[in-house]
Participant: 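Can you read through this structure? Questions will come right after.
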Amino acid sequence: MSKFLLLVIVLHMAICAAFSLSMNPITDDAGVDSSVFAYVGNGIANGLLPYRDMFDHKGPLLYLINYAGMCLNIGYQGVWVVELILFFTCVTVSVMLLRPIINVKALTLSGAPLLWLFIRLSCGGNMSETYSLYISMIAWAALLKDIYLDEVKSHTILLQGFAAGCILCLRPNMLGFCVPTMLILIWDLFTKKNIGRFSRRVACGVCGLLIVLTPIAYWLYRNEILEDCWNCYIGFNVMYMRGLQSSIDSNIYIVVFVLALNIILLRIAKGRTRCVLLWNLVCVISSALFIAMKLNYRHYYLPILPSLAFPLAYAFSRLLEMRKNAVALICALFFVPLHLRAVVPNILNTVEIKSAVLQKRIPKIAIRHARCNISPLKKLIMEEDTVLVLGNACDIYYRLGVRAKGRFFYTSVVRFSDQIKEEVQKTIAGKVNKFVVLRENDNTQPESIITALHENYHIAAESDGLILYVSNIKCIKKEGRECPKVLKLE
């Protein structure tokens with residue numbers, strides 16, 4: 001019976017994970033931030049370059065992952081396929097590595113609450129945080145296994161370096177697992193007093209780092225965007241951090257909870273004290289980096305997720321040792337309530353969204369972001385037309401099948417830089433794009449940009465809260481708000 005339950009849990013979690021990610025075949029939802037990265041990946045596939053031709057401030061590896069999805073020639077859903085492969089690789093490899101420490105049943109059962117948290121925090125995935133999570137989880141699992149077996153192997157150090165290189169090009173504040181690795185090397189040097197062994201291990205770590213950094217740096221240098229990458233990824237992010245409000249108090253509460261959970265684990269640990277101590281060290285360092293972010297976006301909490309993985313799995317392992325019917329008990333306490341509360345409604349919502357899209361109507365249900373009916377706009381915009389979407393709604397590009405002309409294809413960043421605001425104003429004043437799309441209740445745009453828009457563009461149509469502006473074309477708009485259309489273009 002327990003094996004059957006485990007099989008049902010694994011299949012159920014696999015389906016839930018697959019259809020919680022952005023751009024899956026059911027929802028066809030690109031997400032807010034995810035659509036930005038997919039847009040850049042699509043641009044690279046069309047011969048453009050990030051930073052120089054398309055402004056964004058994430059690490060280069062994120063855009064290359066999205067580019068890899070576009071190379072599958074199945075459109076934006078290729079990004080979903082790539083992330084799905086990485087997600088299941090992370091889960092499978094982590095479970096295989098942790099098998100000597102914790103039994104497979106406990107690892108499988110702990111996946112229920114962890115999956116629920118992942119779905120709630122990942123905002124659909126395809127984020128620098130989610131890809132960093134996949135890589136760091138494997139690196140942590142490999143290090144824990146070696147610590148438990150009392151021998152940190154060279155290939156594990158190589159993996160740590162490889163993971164560090166990936167995360168440096170994705171999300172540097174998730175590098176908490178690297179500090180324990182360095183401490184282990186230093187401790188090994190002082191206890192074994194073997195300089196040759198220490199040098200070989202350091203060399204393995206550096207090699208792993210260079211395996212990632214060298215080709216990416218060469219690609220940036222060859223395309224002459226190394227300086228642009230530095231200015232956007234480092235320079236702009238410094239301004240970005242200064243311009244956001246702090247929410248350090250809420251972060252501290254979560255960190256205190258995670259550390260308390262790990263302290264309890266340390267008290268009940270049997271024969272695995274070194275693993276638990278290492279895990280607590282990782283939690284402290286990761287938490288310090290997390291607090292330094294001082295932000296309150298949901299996906300910024302993902303670095304805490306691995307800190308819960310080992311305590312949950314170990315707690316379930318102890319429960320399985322104490323009770324024969326523990327599998328059914330854990331399902332009743334954790335799996336069923338969490339999935340009935342969060343995961344199942346998400347799947348029902350995605351089915352309703354897909355049905356509504358097919359019927360060309362708008363579902364009145366809670367989804368990740370405001371989804372507008374763009375069908376009337378498709379009748380006015382051809383694939384060869386260029387469209388600038390003001391604000392941060394790049395999913396509109398995805399659904400219209402168009403691109404913007406110019407470096408700035410979303411404008412929510414103008415509040416962080418006067419130079420960016422001036423460039424966006426010039427783009428609008430120069431009528432570079434044939435169409436401009438603005439959300440009706442968008443009050444975040446600076447007055448100077450709205451003024452430039454009204455001086456150089458005219459309203460062509462309105463549809464479900466979206467206003468379509470057209471350059472140098474007189475248009476007559478049908479009265480009414482439900483589905484107004486352009487009756488005549490001159």
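In this text the structure is predicted, and so the values were computed from the model without any measurement.
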Participant: Do the side chains of V79 and S22 get nearer than 4.5 Å, heavy atoms only?
Facilitator: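 No, side chains not in contact.
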Participant: Which side-chain N or O atoms in residues 66-74 pair as donor and acceptor under 3.5 Å with protein atoms at least two apart or in another chain?
Facilitator:
{"from": "N66", "atom 1": "OD1", "to": "A38", "atom 2": "N", "distance (Å)": "3.3"}
{"from": "N66", "atom 1": "OD1", "to": "N126", "atom 2": "ND2", "distance (Å)": "3.0"}
{"from": "N66", "atom 1": "ND2", "to": "L62", "atom 2": "O", "distance (Å)": "2.8"}
{"from": "N66", "atom 1": "ND2", "to": "N126", "atom 2": "OD1", "distance (Å)": "3.2"}

Participant: So, taking the atom named CZ in R52 and the one named CD in E227, what distance separates them when rounded to the nearest 0.5 Å?
Facilitator: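 Result: 12.0 Å between the selected atoms.
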Participant: With F55, which residues qualify under ring pair (Phe, Tyr, Trp, His ring centres under 6.0 Å), at least two apart?
Facilitator: F236, F408
Participant: Check for a donor-acceptor pair, side chain of T411 on one end and backbone N or O of G391 on the other, with a separation under 3.5 Å.
Facilitator: yes
Participant: Give, for atom CG of L84 and atom OG1 of T89, the distance between the pair rounded to the nearest 0.5 Å.
Facilitator: 9.5 Å
Participant: Are the side chain of T92 and the backbone N or O of F88 linked by a donor-acceptor pair below 3.5 Å?
Facilitator: yes
Participant: Between N24 (side chain) and L21 (backbone), is there a donor-acceptor pair under 3.5 Å?
Facilitator: yes
Participant: Kindly say whether A139 contributes a backbone atom to a donor-acceptor pair with the side chain of Q160 at under 3.5 angstrom?
Facilitator: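 Such a contact is found between Q160 side chain and A139 backbone.
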Participant: What is the distance from atom CE of M96 to atom OG of S94, rounded to the nearest 0.5 Å?
Facilitator: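 M96 atom CE to S94 atom OG measures 10.5 Å (nearest 0.5 Å).
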Participant: Apply side chain to side chain contact (heavy atoms under 4.5 Å, CB included) to T444 and S412, showing your working.
Facilitator: CA-CA 8 Å; T444 62; S412 59; over 6 Å; no
Participant: Can any side-chain N or O of S35 pair as donor or acceptor with the backbone N or O of D395 at less than 3.5 Å?
Facilitator: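 Yes; judged by distance alone, with no hydrogens or angles, the pair exists.
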Participant: Check step by step if side chain to side chain contact (heavy atoms under 4.5 Å, CB included) holds for I157 and R200.
Facilitator: CA-CA 10 Å; I157 302 295; R200 286 192 298 272; over 6 Å; no
Participant: Quick check against the 3.5 Å criterion: does Y397 have a side-chain atom that pairs as donor or acceptor with the backbone of V389?
Facilitator: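 Answer holds: yes.
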Participant: What is the minimum heavy-atom distance between L226 and A217, and which atoms define it?
Facilitator: CD1-O, 4.5 Å
Participant: Minimum heavy-atom separation for C232 and Y51, please, with both atom names.
Facilitator: CB-CD2, 3.5 Å
Participant: Determine the minimum heavy-atom distance between P50 and V40, stating which atoms define it.
Facilitator: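 The answer is CB-CG1, 3.9 Å.
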Participant: Going by the rule ring pair (Phe, Tyr, Trp, His ring centres under 6.0 Å), which residues pair with F37 if we only count those two or more places apart in sequence or in a different chain?
Facilitator: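 Checked F37 against ring pair (Phe, Tyr, Trp, His ring centres under 6.0 Å); zero matches.
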Participant: Any chance CE of M382 has more than 12 other-residue heavy atoms, nucleotides or ligands included, within less than 6.0 Å?
Facilitator: yes
Participant: Got R439 and L466 here, is their nearest side-chain heavy-atom distance under 4.5 Å?
Facilitator: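 Answer yes - side chains close enough.
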Participant: Contact between Y63 and D56 at the side-chain level, heavy atoms closer than 4.5 Å - yes or no?
Facilitator: yes
Participant: Could you grab the distance from atom OG of S122 to atom CG of L133, nearest 0.5 Å is fine?
Facilitator: 9.0 Å
Participant: Start with the C-alpha distance between Y39 and Y398, add both sets of side-chain angles, then the distance that settles ring-ring contact (aromatic ring centres under 6.0 Å, His included), and finish with yes or no.
Facilitator: CA-CA 8 Å; Y39 180 96; Y398 164 67; over 10 Å; no
Participant: Do L49 and I44 come within less than 4.5 Å of each other through their side chains, counting heavy atoms only?
Facilitator: no
Participant: Report yes if some heavy atom in the side chain of V32 is under 4.5 Å from a heavy atom in the side chain of C123; otherwise report no.
Facilitator: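 The answer is no; the side chains never approach within 4.5 Å.
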Participant: Parallel, tilted or perpendicular, judged at 30° and 60°: which one describes the rings of F118 and F87?
Facilitator: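 The arrangement is tilted - the two ring planes meet at 30° to 60°.
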Participant: Closest approach of M23 and S34, non-hydrogen atoms and distance?
Facilitator: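 Heavy atoms of M23 and S34 come nearest at CE-OG, 3.4 Å.
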Participant: Side chains of T386 and F435: does their closest heavy-atom pair fall under 4.5 Å?
Facilitator: no
Participant: Just so I know, are the side chains of D33 and M127 near enough to count as touching, which here means a heavy-atom distance under 4.5 Å?
Facilitator: yes
Participant: Any chance you could measure I167, atom CD1, to S136, atom OG, to the nearest 0.5 Å?
Facilitator: 4.5 Å
Participant: Can a cation-pi geometry be assigned to R171 and Y131, taking NZ or CZ under 6.0 Å from the six-membered ring centre and within 45° of the ring axis?
Facilitator: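 Not satisfied by the 6.0 Å and 45° rule.
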Participant: Search all heavy atoms of C90 against all heavy atoms of M137 and return the closest pair with its distance.
Facilitator: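 Heavy atoms of C90 and M137 come nearest at SG-CB, 3.8 Å.
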Participant: Could you go step by step and tell me if F409 and M54 meet the side chain to side chain contact (heavy atoms under 4.5 Å, CB included) rule?
Facilitator: CA-CA 7 Å; F409 55 95; M54 301 168 290; 3.8 Å; yes
Participant: Please examine the side chains of I135 and L170, heavy atoms only from C-beta on, and report whether any two atoms are closer than 4.5 Å.
Facilitator: yes
Participant: Does the side chain to side chain donor-acceptor pair (under 3.5 Å) test come out yes or no for N42 and R403, once each step is laid out?
Facilitator: CA-CA 10 Å; N42 178 264; R403 295 188 61 83; 2.9 Å; yes
Participant: If you look only at pairs with a residue in residues 209-225, which of them pass as a side chain to side chain donor-acceptor pair (under 3.5 Å), with sequence neighbours excluded?
Facilitator: none
Participant: Under the rule for side-chain contact (heavy atoms from CB on, under 4.5 Å), what residues qualify as partners of V212, not counting sequence neighbours?
Facilitator: F162, C166, I216
Participant: Which heavy atom of L97 sits nearest to which heavy atom of I138, and what is that distance?
Facilitator: CD1-O, 3.7 Å
Participant: Can you list the steps and then say if I381 with V402 is a side chain to side chain contact (heavy atoms under 4.5 Å, CB included)?
Facilitator: CA-CA 9 Å; I381 301 173; V402 297; 3.9 Å; yes
Participant: Identify, with sequence neighbours excluded, every residue that meets ring pair (Phe, Tyr, Trp, His ring centres under 6.0 Å) alongside Y410.
Facilitator: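 Partners of Y410 under the ring pair (Phe, Tyr, Trp, His ring centres under 6.0 Å) test: none.
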Participant: When rounded to the nearest 0.5 angstrom, what is the spacing between CD in E383 and CG in L400?
Facilitator: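 Atom-to-atom, E383:CD and L400:CG are 10.0 Å apart.
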